[in-house]
Visitor: 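Input: one structure, supplied below.
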Amino acid sequence: MKHFTSVHDVDDMNLLAASALQYKQSPFMDKSLGLHKRVGLLFMNPSMRTRISTQIAASNLGMEAIVFNVDKDGWKLELEDGAVMDGSTVEHLKDAAPVLGMYFDILCVRTFPGLTDRDEDYSEVLISKLKEYTSVPVVSLESSTLHPLQSFADMLTIKETFQETRRPKIVLTWAPHIKPIPQCVANSFAQWMNKWDDVDLVITHPEGYELATDYSKGAVIEYDRAKAFEGADYIYVKNWSSYGSYGQVLCTDNKWMPTLEDLKTTNNARLMHCLPLRRNVELSDEVLDSPYSIVTRQAGNRVWAAQAVLADILKTL
Ligand code: CP
């Protein structure tokens, strides 16, 4: 794999997952693979899990990881070609990216969408220009539209917790939030589950919260949440703002926050969320603190997802 910015960069997702689960068993089995290699973790936005799990993954492979909080410590970057930079931006990505490419063997980046201009957000300008202006592999630590390291960890979590031979029913359910949240986790989860041949995905949300069909196609869309939950093996809870009425909050109905009663209609489903989350807004204490929840295991698997991805890329260098 050259880059890791979406599921489409992965040749064989089951093979990559097997590698990740092997690292979970033996974290240091490739402790020399990344010797004398350096990974740059560029953050335009905050992070806890992604930052720390990727640092641990790099360390397990013998790599040096350097975190650069571009939003706090860096020059304000210009992305537009031909811009007259007489405003707030100080350095063009066209100049910064090749320099970063000299310093690092792999560049990882997190950048959130503005949620005002859909075309701009969905063009993924930062990731695509970073690929254009550097020769080193680029890994997404969450972009405007996708969060592939999260989705890969979600896949691992489902793989290791589902012991039956049949296909699990996985439900991605919208939940309320007080502010507009990107669609990237939902887009990415749908994209990974739809590509994974071994699972059935149902997406449930209020009208107006349809994801872009590029990501949701292949899934069953069920507006009746109670029906969607019936017999589910996994309930993945996540808020996202509207794609159609871009970036808008159209619903705040807390009926969409799953309760223990709702979960009783499932097949003893495991409850997932990528974290962070606002307790008692997106999910209640009673649900999060119940045996249904596997959110901590899910976050723990971020290390093994990142390690498998970095290892796969290191093997190509
Ligand atoms: N799930 C996730 O990406 O968490 P962080 O924002 O803390 O990295």
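Both ligands and their constituent atoms are indexed starting at 1 by order of listing. Every value quoted in this text rests on a predicted model; they were computed, and no experiment measured them. Side chains are part of it too, since the values below use all heavy atoms of this structure and drop only hydrogens, waters and symmetry mates.
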Visitor: With only distance considered, is M48 within less than 3.5 Å of ligand 1 through an N or O on each side?
Guide: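 Yes; the residue has a nitrogen or oxygen that sits under 3.5 Å from a nitrogen or oxygen of the ligand.
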
Visitor: Tell me which protein heavy atom sits closest to atom 6 (O) of ligand 1, plus the residue, atom name and distance to 0.1 Å.
Guide: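 So the nearest neighbour among protein heavy atoms is R110 NH1, 2.9 Å.
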
Visitor: Which word best sums up how the rings of H205 and Y223 line up, parallel for under 30°, tilted for 30 to 60°, or perpendicular for over 60°?
Guide: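 If you compare the ring of H205 with that of Y223, the planes turn out perpendicular.
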
Visitor: Give the residue and atom name of whichever protein heavy atom lies nearest to atom 1 (N) of ligand 1, and the separation in Å to one decimal.
Guide: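 Going atom by atom, the protein heavy atom closest to atom 1 (N) of ligand 1 ends up being L275 O, 2.7 Å.
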
Visitor: Is it true that a side-chain atom of T89 and a backbone atom of M85 form a donor plus acceptor pair closer than 3.5 Å?
Guide: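 Side chain of T89 to backbone of M85: no pair is present.
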
Visitor: Check each heavy atom of L141 against ligand 1 and say whether those closer than 4.0 Å belong to the side chain, the backbone, both or neither.
Guide: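 Looking at L141 and ligand 1, no heavy atom falls under 4.0 Å.
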
Visitor: Which bit of H273 is near ligand 1, meaning a heavy atom under 4.0 Å away: side chain, backbone, both or neither?
Guide: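 No part of H273 comes within reach of ligand 1.
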
Visitor: Which residue owns the protein heavy atom closest to atom 4 (O) of ligand 1, what's the atom, and how far is it?
Guide: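 The closest one turns out to be R49 NE, 2.9 Å.
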
Visitor: Give a yes or no on whether a salt bridge exists between D285 and R279, defined as a side-chain N under 4.0 angstrom from a carboxylate O.
Guide: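 Yes, charged N to carboxylate O under 4.0 Å.
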
Visitor: Only heavy atoms count here, so choose which of Q298, H147, Q150 is nearest to atom 3 (O) of ligand 1.
Guide: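 Among Q298, H147, Q150, the closest heavy atom to atom 3 (O) of ligand 1 comes from H147.
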
Visitor: Is there a polar contact, in the sense of an N or O pair closer than 3.5 Å, between P46 and ligand 1?
Guide: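 Min N/O separation from ligand 1 is not below 3.5 Å for P46.
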
Visitor: If the cut-off is 4.0 Å to any non-hydrogen atom of R302, which atoms of ligand 1 fall inside it?
Guide: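 That gives atoms 1 (N), 2 (C), 3 (O) of ligand 1.
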
Visitor: Does the cation-pi check pass for R270 over Y292, that is, NZ or CZ under 6.0 Å from the six-membered ring centre and within 45° of its axis?
Guide: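 The answer is no; the distance or angle limit is not met.
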
Visitor: Taking 4.0 angstrom as the limit, do D233 and R166 come out as a salt bridge?
Guide: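 Between R166 and D233 there is a salt bridge, with a charged N closer than 4.0 Å to a carboxylate O.
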
Visitor: Side-chain contact test, heavy atoms from C-beta onward, threshold under 4.5 Å: evaluate it for R225 versus P258 and give yes or no.
Guide: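 The answer is yes, as the side chains (C-beta and beyond) meet within the 4.5 Å cut-off.
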
Visitor: Between the side chains of R297 and E160, is the shortest nitrogen-to-carboxylate-oxygen separation below 4.0 Å, so that they form an ion pair?
Guide: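 Yes.
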
